[in-house]
There are 2 protein chains.
Amino acid sequence: MKLVKNVQDQRVSNLTLDDIARLAGVSRSTVSRVVNEHPSVKKDVRQRVLDIIEENHFHPNAAARTLAMQRSWTIGLILPHSVSTFFTDPYYPNLLMGIAKACNLYSYTLALFLVSTKEDEENVFPRVGRKGFLDGVIVQSGHHGDQGIIGRMIDQKIPLVVVGRPFRSDNVTYIDIDNISAVKSAVNYLCKTGCRKIATITGPIDSTVGIDRLEGYRQAIREQNGQVDESLVVEGNFTETGGFIAMQKLLPFKPDGVFAASDVMAVGAMRAVEEANLRVPEDISIIGFDDLPAASYGSNQLSTVRQNVPELGLRAVECLIEQIGDDSIAPHGVMMDTELIIRKSCFRLAPIDQTGVK
Amino acid sequence: MKLVKNVQDQRVSNLTLDDIARLAGVSRSTVSRVVNEHPSVKKDVRQRVLDIIEENHFHPNAAARTLAMQRSWTIGLILPHSVSTFFTDPYYPNLLMGIAKACNLYSYTLALFLVSTKEDEENVFPRVGRKGFLDGVIVQSGHHGDQGIIGRMIDQKIPLVVVGRPFRSDNVTYIDIDNISAVKSAVNYLCKTGCRKIATITGPIDSTVGIDRLEGYRQAIREQNGQVDESLVVEGNFTETGGFIAMQKLLPFKPDGVFAASDVMAVGAMRAVEEANLRVPEDISIIGFDDLPAASYGSNQLSTVRQNVPELGLRAVECLIEQIGDDSIAPHGVMMDTELIIRKSCFRLAPIDQTGVK
DNA sequence: CTGATTTCTGGAAGCGCTTCCATTATAGCA
DNA sequence: TGCTATAATGGAAGCGCTTCCAGAAATCAG
């Protein structure tokens, strides 16, 4: 008795172009042309080759192809500093989903790098920067700490798209939601429903998203009141507890409306309002940001700004692929629209007022 | 005026082994040996080459290296059918984190494939199966639908680790938590605290995790009572609403203890208990599964079975790397331990009783 | 039925690396 | 010092593919 290799099975995957060429009675070049859909192959030859490829489940070796074409059809996604928030904030999973789906759509492969420590960064960077592996890179950003990695990517002259406005946004292509106008319209909405004293719970102001949303608030208030009352601006940290504490600081100033820079903080704020025996929206109207599913259920019914994160991911991929195909594209910023969702945490304007159209 | 290329910058990344060799006055082979840490290079030569590599930020081309070595140092992670639950259930982000961190640790690169439709599967598969791209693959499984993709990977003879017991688990290496004994100890715990009529809300029984947890329940009950009362077994679907409805079905049978196959369902069940004006744990003790952060806060204080998902990911990677290095390793299953966490949703045994040691 | 075009095809070089093999430099020992 | 054993190095082949180039085959006018 002897253990023999099952040739049938072996054949499944380890063939080369040459093998296919031999089987089809053509040259390697011709097979390559068939695989790459070059028009200059006679129809019957093409079909014969195609049949044999199919029959043998042949797929060209990825490394060889990448080496010859200088293209890997792989893009990298770098998520920095994300360990702690990666699973609490649905932003990341959503972004990831959008990007992964876009990669499927355009037949790219996605390489994922989670970078949580400086150590990781050193570890990951050579793999990312190295030629012959990635055609381009998407980096999630928004914090100071991310500048380092962005800078390195720029140095490498590797096609790059940053998601979220980076601190130094010149010289780099980035994509972000339009935080400023989103917040402006939220605050304006509160105004129109009759709020006279609108406060804000900001995100961390060492992040661009925190800065931008605060800036939106400031612009809106200035356009309405002319003057921002700094006692109505309290910094939060995007956590529920942070929102709770911020709201407690705000209550003595008796605001009648609050814009919270995230839904999670808004939920904390609502809890503080409740504990102070005040009512939402009768005493205080609240609008959040993100459209968290959890914030729209049950007793909360939070009004919010919805950002389409998977769409953001899709656009980032498209933007990157564009750059991969054409390296003459200049760095630029792309802004995506958001949507104001009104629920019970603030009063609702009659549609006629809302649109401003008679 | 003329636009000149900045040679300094250009040099950054596009050098080849040959260039380094020339600069160092040695042969290409020697440089390669230095890069790959072959011992047989004279110390001073090695240092000279190393300096030049450093100075020029040289990284060997990944594709060329992969082609020559038949090793990509990249592994694939396939998450099937996950769109809907991907961001509601923290399982996936956690698993992803564990795997990504392990990849960093072992200097592997992670390629991520989110497969939500049959179409995706067809699209993704050639990229995964293709030689010269992935050294091995991790597949998340547990549903019937995943058998197809697992089968294809087996056919390709590509190193494979399945996370979560697959339906056909012979012939494949998989890693899973030990659901059966985990549930047994949870149910036994309820018994020991005095519960006489313990019900269960199961997961979907077309998933192995649903099946295994139910089996654990059955085994525990059999060992205690001798007989499983089928009216105390209700199928859920891992959602809060599912848990709520299941509990409503259970209440007429007056159970005094419930094991829910997930925390999310347990939370739903608690809501149902509350609405029936019963109290946890005085009237009904409840133990869940997963140790969701949300279920441990506030009024819930849910007892639960904790599984260390990031650790599961780490082990999966280690298991895969082992296989990549040694293809003689036979398919096998790996079971990971869980931990019973007792909070206020059930009575607490004195430690002396809990351990069974006098 | 030619000769000039156009269409197809095969050969060969090259992508950048690893690694076997042969050769030379070095060390070890008598 | 001379001879062998060992260490260090260079040359060359090969990984599997794409693509340029030149030549063969097919097409079309005249």
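Lettering follows sequence order; numbering is per chain, from 1.
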Counting C-beta onward and ignoring hydrogens, is there a side-chain heavy-atom pair between L112(A) and L96(B) closer than 4.5 Å? yes
Compare side-chain N and O positions of S27(A) against OP1 and OP2 of dG11(C) and report whether any pair is under 4.0 Å apart. no
What is the distance, rounded to the nearest whole Å, between atom CE of M69(A) and atom P of dC17(D)? 13 Å
To the nearest 10 degrees, what angle separates the axes at the start and end of the helix from dC1(C)-dG30(D) to dA30(C)-dT1(D), five pairs each? 30°
Looking only at the side chains, is there a donor atom on one of R127(A) and T109(B) sitting less than 3.5 Å from an acceptor on the other? yes
Does R315(B), at its CZ atom, have more than 12 non-hydrogen atoms belonging to other residues, nucleotides or ligands within less than 6.0 Å? no
Is the NZ or CZ atom of R152(A) both under 6.0 Å from the centre of the six-membered ring of F125(A) and within 45° of that ring's axis? yes
Minimum-distance nucleotide to R33(B) side chain [options: dT9(D), dC15(D), dC17(D)]: dT9(D)
dG11(C) C1' sits how many Å from R22(A) CZ, rounded? 16 Å
Going by an N to O cut-off under 4.0 Å, is there a salt bridge joining D51(A) and R48(A)? no
Between A64(B) and P39(B), which residue's closest nucleotide on DNA chain D lies nearer the 5′ terminus? P39(B)
Q140(B) side chain near Y91(B) side chain, heavy-atom distance below 4.5 Å: yes
Taking only the side-chain nitrogens and oxygens of N61(A), find out if one of them lies under 4.0 Å from OP1 or OP2 of dC15(D). no
If you find the nucleotide of DNA chain C closest to L67(B) and the one closest to S29(B), which residue's nucleotide is nearer the 5' end? L67(B)
Between P of dG16(D) and CZ of R71(B), the distance in whole Å: 16 Å
May I ask you to evaluate whether Q70(A) reaches the phosphate of dC17(D), defined as a side-chain N or O under 4.0 Å from OP1 or OP2? no
Touch class at under 4.0 angstrom, heavy-atom based, for V35(A) against every strand present: nothing
Shortest side-chain distance from A68(A), nucleotide among dG16(D), dT26(C), dG10(C): dG16(D)
Can you tell me the distance, in whole Å, between the CH2 atom of W73(B) and the P atom of dT18(C)? 12 Å
DNA chain D nearest-nucleotide lookup for H38(A) and K43(B): closer to the 5′ end is K43(B)
How is T16(A) classified with respect to the nucleic acid when contacts are heavy atoms under 4.0 Å: base, sugar-phosphate, or nothing? sugar-phosphate
Please classify the nucleic acid contact of T30(A) as base, sugar-phosphate, or nothing, using heavy-atom distances under 4.0 Å. sugar-phosphate
note: D19(A), atom CG; dC17(D), atom C1'; distance rounded to Å ~ 13 Å
Under 4.0 Å: is that the gap between some side-chain N or O of R65(B) and OP1 or OP2 of dT18(C)? yes
Using atom CG of D18(A) as one end and atom C1' of dT9(C) as the other, report the distance to the nearest whole Å. 15 Å
Neighbour count above 12 (heavy atom, 6.0 Å) for R168(A) CZ: no
To the nearest angstrom, the CZ-P distance between R28(A) and dA13(C) comes to 12 Å
Using whole Å, what does the distance between atom C1' of nucleotide dT9(D) and atom CZ of R48(B) come to? 12 Å
Mind checking whether I20(B) and V34(B) have side chains closer than 4.5 Å, heavy atoms only? no
